[in-house]
Amino acid sequence: MSHYSIRKLIQDTATGLQDDIHYSYGKDTDFNQEQKNRFLLVNTSLLTATAGYRVNNVSNYMKQWTVQMVFYKFDREDSTSEEYSKILDQTDKLVDQFINDLNLYSQDSDSIVIQGVSQQPFVKVMADILTGHMLTFQMLVNDTFDYCKEC
């Protein structure tokens, strides 16, 4: 699968979680957040891949894509642990739902394996005062060289 295909799969899965999600792809610093403070925000960092051959280093070309995403919401500098815990509860649920939805797709498609899933909470980070969860995982993808026409 191409970079485009992986990126679109992640985007479609994330935006399908609920209606009020604002999704972006790229560096967090490029994401203009100021007018989106009523939304749940999901950003996927730039995808990186390691390529190789699965069978005797000569056949079955595959890529392992490393995916790092953040699921967050605007917080307040003076929020209490009870208040930011509600944001963490909400973003944790989204992370679980995202991985489960992506896993369902991978079960229908024999060409994707999700592995190495980890999740880390963060509270009141960056100048925008964001609270949520960082999700990191790898997607092991067989490459059939069937690229989409839009790629």
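Ring centroid separation for the pair H3 and Y25 comes in under the 6.0 Å cut-off.
Here the CG atom belonging to L102 is positioned 11.0 Å from the CG atom belonging to D12, to the nearest 0.5 angstrom. The CD1 atom of I6 sits 11.5 Å away from atom OG1 of T44, with the distance rounded to the nearest 0.5 Å. For the atom pair CD1 of I21 and CG of L40, the computed distance is 6.0 Å after rounding to the nearest 0.5 Å. Remark: K86 NZ to S79 OG distance equals 11.5 Å, nearest 0.5 Å. How far OG of S5 is from CD1 of I112: 9.0 Å, rounded to the nearest 0.5 Å.
Proximity of M62 to L140: side-chain heavy atoms (C-beta onward) are separated by under 4.5 Å at one or more points. Looking at heavy atoms from C-beta onward, M69 lies in side-chain contact with V42 at the 4.5 angstrom threshold. A 4.5 Å side-chain heavy-atom check between L46 and K27 finds at least one atom pair inside the cut-off. In this structure the side chain of T50 never reaches within 4.5 angstrom of the side chain of W65, judged on heavy atoms. The shortest distance between side-chain heavy atoms of L41 and Y23 does not fall below 4.5 Å.
At distances below 3.5 Å, at least one donor-acceptor pair connects side-chain atoms of N43 with backbone N or O atoms of G26. For K63 (side chain) and A49 (main-chain N/O), no donor-acceptor pair under 3.5 Å exists by modelled atom type. Using a distance-only test at 3.5 Å, with no hydrogens or angles considered, a donor-acceptor pair links the side chain of T91 to the main chain of I87. A donor-acceptor pair under 3.5 Å links the side-chain atoms of N100 to the main chain of D96, judged by distance alone. A donor-acceptor pair is defined here as one N or O able to donate and one able to accept, closer than 3.5 Å; no such pair exists between the side chain of K73 and the backbone of Q90.
In the hydrophobic clustering of this structure, L88 does not group with M134; members are Ile, Leu, Val, Met, Phe, Trp, Tyr whose side-chain heavy atoms approach within less than 4.5 Å, directly or through other members. Side-chain heavy atoms closer than 4.5 Å link hydrophobic residues (I, L, V, M, F, W, Y) into clusters, and following such links, even through other members, never connects M126 to V123. Placement of L47 and M139 within a single hydrophobic cluster is found when ILVMFWY residues are connected by side-chain heavy-atom separations under 4.5 Å, directly or transitively. Under the 4.5 Å side-chain heavy-atom criterion for ILVMFWY residues, a single connected hydrophobic cluster contains both L94 and V117. I114 and L9 end up in the same hydrophobic cluster when Ile, Leu, Val, Met, Phe, Trp and Tyr side chains are linked at under 4.5 Å.
Tested against F74, the residues D128, T131, I129 include a single side chain to side chain contact (heavy atoms under 4.5 Å, CB included) partner, D128.
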Dump the intermediate steps for side chain to side chain contact (heavy atoms under 4.5 Å, CB included) on T136 and V67, then the final yes or no.
-> CA-CA 6 Å; T136 305; V67 181; over 6 Å; no
>> Determine whether V125 and Y72 satisfy the following criterion, side chain to side chain contact (heavy atoms under 4.5 Å, CB included), listing intermediate values before the conclusion.
In response: CA-CA 10 Å; V125 300; Y72 51 90; over 6 Å; no
**Request:** Take F98 and V95 through the test side chain to side chain contact (heavy atoms under 4.5 Å, CB included) and record every step on the way to the result.
**Result:** CA-CA 5 Å; F98 174 83; V95 167; 5.7 Å; no
Practice problem: Please test T13 against D101 for side-chain hydrogen bond (donor to acceptor under 3.5 Å, both in side chains), starting from the C-alpha separation and ending with a verdict. | Solution: CA-CA 7 Å; T13 304; D101 289 355; over 6 Å; no
*Passes side chain to side chain contact (heavy atoms under 4.5 Å, CB included), R76 versus E83? Steps please.*
CA-CA 9 Å; R76 293 186 341 267; E83 291 170 322; 3.2 Å; yes
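Counting heavy-atom neighbours within 6.0 Å of Q115 CD, excluding the residue itself, gives a total above 12. Counting non-hydrogen atoms of neighbouring residues, nucleotides and ligands closer than 6.0 angstrom, the CG atom of D19 reaches no more than 12 such neighbours.
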